[in-house]
Amino acid sequence: MKVRVQLFASYREAVGKEWIEQELPAGARVQDLLESVGACHGLSLSPGRTLVARNLKYVGAETPLEEGDELVLLPPLSGGA
Amino acid sequence: MITRIVQEPIDLGDLVRQVQRPECGAVGTFLGVVREPNLGHRTLTIDYHAFPEMAQKVMAEIAGEAAARWEIGEVAIVHRIGRLAVGEASVAIVVSAPHRQAALEATAYAIEELKKRVPIWKKETFKGGEVWIEGDSAAAPPSDPAGGARGKIRKGRSAG
């Protein structure tokens, strides 16, 4: 299946794109997406540091993905002062 | 409640006036300001980047949680994005309440939750390079490789 992935901050800068598409095996979960995007684009992604959102909500590493999903990959947050 | 991502300077006095209510005898405020040095660098500027739609949504959730947990009048959470110089305010939390304890506790809750949950990042420019700050730089000393803020330093790039 194919999902669309939006990148922010250091991830976007490292890849040079805001949106990428990722091909994943059927039944893939969020953690599989992190491994796959990390390997394809040379990013250091891990469930402990990378945040993933779908429909403006954070989703956990075990969340199953579906064809056509739009996911957002967020580096560790550093808002505030 | 007032929750905003803004490009212009934050006017704390204006926010205080906006949250004040006749029945509220306390206004708690927190102002986060760009400092230098940070992580051992002489900071020149910090660029704040946001995922605006989600940041706005999470800030509203935090404001709602504060209103549910404490007896408060009104709450304002405002984060500035774009390029800020040392001394400029990046974030303001302002909470009015009938009594001071609720105002102060709700203010502290809102800034702590903002730092954990609101999708905003900062990129620091210092003399000789720039670095994405990843994580809370107050959470652990920068020498601790297991925690706290990290950054990927790109030396030799000028402030653009």
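Here is how names work: the chains are called A, B, and so on, in the same order as the sequence lines, proteins then strands, and each is numbered from 1.
Looking at B:Phe51, the atoms closer than 4.5 Å to chain A (heavy atoms on both sides) sit in the backbone and in the side chain alike. With a threshold of 4.5 angstrom between heavy atoms, B:Val34 does not approach chain A through any atom at all. Using a 4.5 Å cut-off between heavy atoms, B:His49 does not touch chain A at all. Neither the backbone nor the side chain of B:Ala55 has a heavy atom closer than 4.5 Å to any heavy atom of chain A.
Other residues, nucleotides and ligands contribute over 12 non-hydrogen atoms within 6.0 Å of the CD atom of A:Glu18. In this structure, B:Glu71 places its CD atom where only 12 or fewer heavy-atom neighbours from other residues, nucleotides or ligands lie under 6.0 Å away. Around CZ of B:Arg21, the count of heavy atoms belonging to other residues, nucleotides or ligands within 6.0 Å exceeds 12.
Under the 4.5 Å side-chain heavy-atom criterion for Ile, Leu, Val, Met, Phe, Trp and Tyr, B:Ile62 and A:Leu51 are members of the same hydrophobic cluster. Cluster annotation: B:Val118 is not connected to B:Val78 through the hydrophobic network of ILVMFWY side chains, with a link wherever side-chain heavy atoms come within less than 4.5 Å. Linking ILVMFWY residues whenever their side-chain heavy atoms come closer than 4.5 Å, directly or via other members, leaves B:Leu31 and B:Tyr109 in distinct clusters. In the hydrophobic cluster analysis, where Ile, Leu, Val, Met, Phe, Trp and Tyr join through side-chain heavy atoms closer than 4.5 angstrom, B:Val33 is grouped together with B:Val6. Neither B:Ile72 nor B:Val19 shares a network with the other; the hydrophobic side chains, linked directly or stepwise wherever heavy atoms of I, L, V, M, F, W or Y lie under 4.5 Å apart, form separate groups for each.
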Applying side-chain contact (heavy atoms from CB on, under 4.5 Å) to A:Arg49 and B:Glu134, what does each step give before you reach the verdict? CA-CA 9 Å; A:Arg49 285 176 57 74; B:Glu134 300 196 337; 3.2 Å; yes

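Contacts between residues 89-97 of chain B and chain A, counted as heavy-atom pairs separated by less than 4.5 Å, involve B:Ser90, B:Val91. For residues 63-81 of chain A, the interface with chain B (any heavy-atom pair closer than 4.5 Å) comprises A:Val72, A:Leu74, A:Pro75, A:Pro76, A:Leu77, A:Ser78, A:Gly79, A:Gly80, A:Ala81, sorted by residue number.
Summarising the geometry, atom CH2 belonging to B:Trp121 is positioned 13.0 Å from atom CD belonging to A:Glu13; distances are rounded to the nearest 0.5 Å. Put simply, CG on A:Leu56 and CD on B:Glu61 are 9.5 Å apart, with the number rounded to the nearest 0.5 Å.
Between chain A and the residues B:Met54, B:Lys57, B:Arg80, the most heavy-atom pairs under 4.5 angstrom are made by B:Met54.
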